[in-house]
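A quick write-up on the structure given underneath.
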Amino acid sequence: MGIEFPHRHLLEIGPLSEEDILVVLRTALNLKEILRRPIPKVPTLRGKVVANLFFEPSTRTRLSFERAAKVLSAEVLNFSARGSSLEKGENLLDTVKNLQAMGPDLFVIRHPASGAPHFVAQHLELPVINAGDGFHEHPTQALLDLLTVWEKKGDLRGLKVAIIGDIRHSRVAHSDILAFRKMGAEVYVSGPGTLLPSEKEALGARVCVRLEEAVEGADVVIALRVQKERHGRMLFPGFHEYARFFGLNRRVLSRAAEGAILMHPGPINWGVELSPELEDFPGQVILDQVENGVAVRMALLLLLLKSRESSL
Ligand code: NCD
């Protein structure tokens, strides 16, 4: 196990081949069964230590890495910026070097600066998983999104995927566009003009000014949260207008393909990007995404820690 995943880190989607992605998805699907057992624990990563370094808020990502590590019997060191010596001015490199001295085997890093996990990967010896860096990428979210669609639709090739919202500032959108395209899906994006990338910056996605054009016939619709903390200034008139023109509701989704699925990475602003009536939309799979997040992170911990072991 592990030899088939030829990467030391998971920093972004770009370096992964289609086959590498399939290895992650197949491994995650196999491991997911463990989560359903009466005693969901296996000894596979006993003795390993995963350091979870969160320099930005997180609920799902941080807890699912912790859960993933514990199901595989690894130990977890949890670091969060609040309450740490960062508040006394300690810099990123000193912080991670000190944590490295405590003997972890892998770092999971979320940071508000794009490129921070890459910087740590260059300067330290340990494998690094990017758990979201600024507005750059969030590769583990893209992998759990692929797994969710793969499970529901059977195949990814030829699907129409619509991503709606703050495409420009969303690391989830960036990783999702790259990942779904790599797997042969067509990606359309839409949102308020100030939150849309230009055609050239859209990473190969089709940019639609009209929401309906993106949603028409879509097999998968992914809504995003407006990343207001990354704007610096207001880029659209207000949440009310956002909801009116780009919020998803049953009427908009009736344009999607039959059996379309609705996804959201969380946290959701109900009444802004999603109308509350979508909570019981039949194709809504938002909590499946959360469960798949644990399975995908188990797969990645296993693949990165075991492949490292076999290369020692
Ligand atoms: C996302 C993030 O932090 O990038 N959340 C997540 O990890 N599930 C999306 C967001 O904050 O909007």
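Order of listing sets the numbers, starting from 1, for every ligand and every atom in it.
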* If you count the atoms of ligand 1 from 1 in the order shown, which ones are under 4.0 Å from a heavy atom of H138? -> 2 (C), 4 (O), 6 (C), 7 (O)
* Numbering the atoms of ligand 1 from 1, which are under 4.0 Å from a heavy atom of P267? -> 10 (C), 11 (O)
* Out of curiosity, is S58 lining ligand 1, as in a heavy atom under 4.0 Å away? -> no
* Asked: Among the heavy atoms of R110, does any lie under 4.0 Å from an atom of ligand 1?
  -> yes
* Between the side chains of E56 and H111, does any donor sit under 3.5 Å from an acceptor? -> no
* **Atoms in ligand 1 with a heavy atom of T61 nearer than 4.0 Å** => 6 (C), 7 (O)
* To do: Would you mind checking which non-hydrogen protein atom is closest to atom 11 (O) of ligand 1, with the distance to 0.1 Å?
  => R225 NH2, 3.0 Å
* **Over-ring placement of R110 relative to F54, 6.0 Å and 45° cut-offs** => no
* At what distance is the nearest protein heavy atom to atom 3 (O) of ligand 1, and which residue and atom is it? -> R171 NH2, 2.9 Å
* Whether K182 side chain and G14 backbone form a donor-acceptor pair below 3.5 Å -> yes
* Asked: Do side-chain atoms of R60 reach the backbone of V290 as a donor and acceptor pair under 3.5 angstrom?
  -> no
* Asked: When rounded to the nearest 0.5 angstrom, what is the spacing between CG in N292 and OG1 in T140?
  -> 12.5 Å
* Give the residue and atom name of whichever protein heavy atom lies nearest to atom 1 (C) of ligand 1, and the separation in Å to one decimal. => G266 O, 3.6 Å
* Which ligand 1 atoms are under 4.0 Å away from a heavy-atom of Q227? -> 10 (C), 11 (O), 12 (O)
* To do: Answer yes if the side chains of S170 and Q227 hold a donor-acceptor pair under 3.5 Å, and no otherwise.
  => no
* Structure fact -> If you scan protein heavy atoms around atom 8 (N) of ligand 1, the nearest is P265 O, 2.8 Å
* Asked: Does the side chain of D133 come under 3.5 Å of the side chain of S114 through a donor N or O and an acceptor N or O?
  -> no
